[in-house]
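Have a look at the structure below, then the notes.
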Amino acid sequence: MEIDEHIKSWYVQWLYIESLYSKYAGRYHLTRATMTALDEIYHHKDGCSQKEICQVLNIPKQTVSSVMSNLEKKGFVYKKDSVMDKRLRLYYLTESGCVLCEKIIADLDKIEFEAFNQLSQKDREDFTRINEQLTQLIEQGMNGGENNGNTR
């Protein structure tokens with residue numbers, strides 16, 4: 001297989017994975033961004049800042065603010081001042097948000113765990129290492145050959 005065929009195959013798989021997650025979110029009438037925001041809050045029991053959600057989603061603060069506002073209106077999240085830093089507002093799940101996440105996010109965690117568990121330890125390690133390396137190389141190329149110390 002030539003390099004351009006590998007790139008095409010990787011790109012098709014990447015888009016397909018994105019599609020799978022979007023369809024999964026859609027089953028629950030959520031967008032991919034909303035599901036990812038809930039996932040972040042669900043996995044940060046001590047609260048999750050808007051900045052952390054922006055970093056994970058890699059979308060503008062205004063868009064995340066809109067997502068979070070909708071989640072608040074639906075009664076799935078609430079925000080309060082951080083005990084450690086009063087300038088920081090943290091998001092937490094409400095009781096109904098916990099119920100929703102136990103269904104959506106906990107199930108997704110199980111699906112991902114089972115999928116990765118079916119790979120050998122070596123394949124998981126190779127996949128992670130290669131994916132991180134490829135991401136860094138693409139980022140470096142997009143930054144004009146400079147990495148600027150930014151890695152995901």
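Note that the coordinates shown come from a computational prediction; the quantities given were computed from them, not determined experimentally.
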Report the distance from atom CG of Leu71 to atom CG of Leu38, rounding to the nearest 0.5 Å. 5.0 Å

Are Leu90 and His44 side-chain neighbours, meaning at least one heavy-atom pair lies under 4.5 Å? no

Any donor-acceptor pair under 3.5 Å from Thr135 side chain to Asn131 backbone: yes

Side-chain touch Glu102/Leu93, heavy atoms, less than 4.5 angstrom: no

May I ask whether Ile17 and Leu108 are part of the same hydrophobic cluster, defined by side-chain heavy atoms of I, L, V, M, F, W, Y residues being less than 4.5 angstrom apart, directly or through others? yes

Kindly say whether Arg32 contributes a backbone atom to a donor-acceptor pair with the side chain of Thr36 at under 3.5 angstrom? yes

Taking all heavy atoms of Met1 and all of Glu5, pick out the closest pair and write down the distance. CG-CB, 3.4 Å

According to a 4.5 Å side-chain heavy-atom criterion applied to Ile, Leu, Val, Met, Phe, Trp and Tyr, with indirect links allowed, do Leu30 and Ile111 form part of one hydrophobic cluster? yes

State plainly whether one hydrophobic cluster holds both Val83 and Ile41, where clusters connect Ile, Leu, Val, Met, Phe, Trp and Tyr through side-chain heavy atoms under 4.5 angstrom apart. no

If you define the side chain from C-beta out and look only at heavy atoms, does anything of Lys73 sit under 4.5 Å from Ser69? yes

Looking only at non-hydrogen atoms, find the nearest pair between Val77 and Tyr91 and report the distance. CG2-CD2, 4.1 Å

Of all residues at least two apart in sequence or in a different chain, which pass the side-chain contact (heavy atoms from CB on, under 4.5 Å) check with Lys103? Tyr28, Asp107

I'd like to know if the side chain of Arg124 reaches the main chain of Phe116, judged simply by a donor and an acceptor atom lying under 3.5 Å from each other, with no hydrogens or angles considered. yes

CD-SG distance between Glu95 and Cys98, expressed to the nearest 0.5 angstrom: 7.5 Å

Drop me the distance from Leu20's CG to Lys23's NZ, to the nearest 0.5 angstrom. 6.5 Å

Do the non-hydrogen side-chain atoms of Thr34 and Asn70 ever get within less than 4.5 Å of each other? no

Within this structure, what is the CZ-OG distance for the pair Arg89 and Ser82, rounded to the nearest 0.5 Å? 11.0 Å

Shortest non-hydrogen contact between Gly47 and Glu52, atoms and distance: O-OE1, 4.3 Å

Between CZ on residue Arg129 and NZ on residue Lys122, distance to nearest 0.5 Å: 7.0 Å

Do Asp39 and Ile104 have side-chain heavy atoms sitting under 4.5 Å apart? no

Tell me whether the guanidinium CZ or amine NZ of Lys45 lies under 6.0 angstrom from the six-membered ring centre of Tyr42 and within 45° of its axis. yes

Donor-acceptor contact present, side-chain Thr94 to main-chain Phe76, <3.5 Å: yes

For a quick test of reading the model, state the closest non-hydrogen atom pair linking Ala37 to Val67 and the distance between them. CB-CG1, 4.2 Å

Measure across Ser96 and Gly75 and return the closest heavy-atom pair with its distance rounded to 0.1 Å. OG-O, 2.8 Å

Indicate yes or no: at least one non-hydrogen side-chain atom of Leu57 is less than 4.5 angstrom from one of Glu40. no

Under 3.5 Å side-chain donor-acceptor pair for Gln121 and Glu125: yes

Relative to each other, are the rings of Tyr92 and Tyr78 parallel, tilted or perpendicular (30° and 60° limits)? parallel

Cluster link Ile3 to Trp14, ILVMFWY, side chain under 4.5 Å: no

Are Ile7 and Leu137 linked, directly or through intermediate hydrophobic residues, by side-chain heavy-atom contacts shorter than 4.5 Å (ILVMFWY only)? no

Tell me if the NE2 atom of His29 is crowded by more than 12 foreign heavy atoms within 6.0 Å. no

Roughly how far apart are Gln50 CD and Lys79 NZ, rounded to 0.5 Å? 7.5 Å

